[in-house]
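Naming convention: chains lettered A, B, ... in sequence-line order (proteins, then strands); numbering from 1 in each chain. Remember, predicted model here, so these are calculated numbers, not experimental data.
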2 protein chains.
Amino acid sequence: MSTKWLNYIVNKMKKTKDTSTETGILNAAKRVFIKKGMTGARMQEIADEAGINKAMLHYYYRSKELLFEAVFKNAFSMLAPKLNKVMNADVPLFKKIEDFTSSYISFVVKHPYIPTFVIQELNRNPDFVKNLVAEEHFPNIEVFKKQVEKCIENKTIKPINTEQLFINILALTIFPFIGAPLLMGFTRTNKKQYKDLMKQRKTEVAQFIINAIKV
Amino acid sequence: MSTKWLNYIVNKMKKTKDTSTETGILNAAKRVFIKKGMTGARMQEIADEAGINKAMLHYYYRSKELLFEAVFKNAFSMLAPKLNKVMNADVPLFKKIEDFTSSYISFVVKHPYIPTFVIQELNRNPDFVKNLVAEEHFPNIEVFKKQVEKCIENKTIKPINTEQLFINILALTIFPFIGAPLLMGFTRTNKKQYKDLMKQRKTEVAQFIINAIKV
DNA sequence: ATATAGTTTAACCAAATGGTTAATATTTGT
DNA sequence: ACAAATATTAACCATTTGGTTAAACTATAT
């Protein structure tokens, strides 16, 4: 019909590749996969979400497996580079911890299902992490490690294994979102109250970590 | 055949209800559901795992949904009462934190997939937590809250919101297991090395938490 | 304008899946 | 020993699901 032709020139003029079929599928797939997981998602549902015929999914991505992979890598690439950037920045350790927790919590508040999705699917298929580690922008904690060790020498912080500290920072930042439904139960809070807790956290977690390690 | 009859009296004599069909199904279902999740699990696979006909699953549990519910409640009942017991114990706060982290890490080392499973499925269906909260032995942090508030008055610990502290303890204890595949990637460790990290953690996490809050 | 290449759809298909049934075997109470 | 109740199985069934195909539609280059 004429609507399609109209859409075409409108897109051409706006230069909106965002609304092209291929990225439309990817975005729809992202929504569905993140909500239902690889095994729970249905190709038909993704097609409906994207407002196109199911055959298009296979036309652009060949199989459910490959479409899922595209979604997963896309989701992971939202998490990892941010982590890398902050961890490798040239700022003092305590400031770095503040920056990291604050900016990561902001991110997760905006995309609360991404960490859950990534961790869930990585548990389903742990071998998949090998592919990721090999990639260019996979986070590396070497710089952070040197920094922590120097702080220990300086007696700025108590002796601690860098890996443990790193795990602690990630745990305190990410877990409250992954475990939200459970934690809302334990703390008897509703959505709004829990959200307020998370807001409070954004400013307080860093201090908790710093208190734990400073001499 | 005679083997079945033999099995019957042997079970009767040993009083091993464990090997009865019904609990056999539950255990098989537990293994499969925990590994693959509700949507990824297949009824046939559960039947195979239990070594019985698929119709038996419906004979004893009616539907996949109900079988899953039985498994979930069973899994959850392994997590929750332990938590309740330690949190409500009549011991000083710092000792309580040590007891909790140590015993919980021991538990999770033995059953590493249980927290992941519970949290994953609770994310899939957050409303399910309502059922749980209503139940008798659902963890309650009131006692713990009183204790924390008293410690703050005493100036034994710095002021902190009890809910935040509770979330922090859980995060530091559970997240390293839920996020294991991802964290093994970030820290560039293999299974054995990561296991060693977890062993070290068992004695060190409590100190991390205590350092963070003590005045 | 027209042939060529790229895009989209409706209709299909085979395999997988949760669930049922009717017949058989086993256990139990008497 | 035997009838009633319970447990178990093989064969089915309807629906769902990922994936395919052939035809129609649209865009592009000459």
Give the rounded distance in Å between these two atoms: CG of A:Leu57 and P of D:dT20.
12 Å

Which heavy-atom pair separates A:Pro176 from A:Leu183 by the least distance, and what is that distance?
CA-CD1, 3.8 Å

Please give, in whole Å, the distance from D:dT17 P to A:Ile46 CD1?
12 Å

Would the B:Tyr104 and B:Phe100 ring centres measure less than 6.0 Å apart?
yes

OP1 or OP2 of C:dG18 versus the side-chain N and O atoms of B:Arg42: is any pair under 4.0 Å?
yes

Separation of C:dT26 P from B:Tyr59 OH (nearest whole Å)
15 Å

Whole angstrom is fine here: how far is it from CD in B:Gln44 over to P in D:dA11?
13 Å

Go through the N and O atoms of the side chain of A:Lys64 and the base of D:dG19, and report whether any donor-acceptor pair is under 3.5 Å.
no

A:Thr21 side chain near C:dT8 phosphate (N/O to OP1/OP2, under 4.0 Å):
yes

Does a side-chain N or O of B:Tyr60 approach OP1 or OP2 of D:dT8 to a distance below 4.0 Å, or not?
yes

Interatomic distance where CZ belongs to B:Arg62 and P belongs to C:dT20 [whole Å]:
8 Å

Between C1' of C:dT17 and NZ of B:Lys54, the distance in whole Å:
7 Å

Applying side chain to side chain contact (heavy atoms under 4.5 Å, CB included) to B:Ile209 and B:Asn168, what does each step give before you reach the verdict?
CA-CA 8 Å; B:Ile209 299 167; B:Asn168 292 349; over 6 Å; no

Quick one: label A:Met43 by what it contacts on the DNA or RNA (base, sugar-phosphate, nothing), any heavy atom closer than 4.0 Å.
sugar-phosphate

Roughly how many Å is it from NE2 in A:His58 to P in C:dA10, rounded to a whole number?
16 Å

Can you tell whether the side chains of A:Glu98 and A:Lys95 come within less than 4.0 Å, N to carboxylate O?
no

Under 4.0 Å between a Lys/Arg side-chain N and an Asp/Glu carboxylate O for A:Arg124 and A:Glu121?
yes

Just to be sure I understand the rule, does A:Ala41 reach a base, reach only the sugar-phosphate, or reach nothing, if contact means heavy atoms closer than 4.0 Å?
sugar-phosphate

Between C:dG6 atom P and A:Met56 atom CE, what is the distance in whole Å?
14 Å

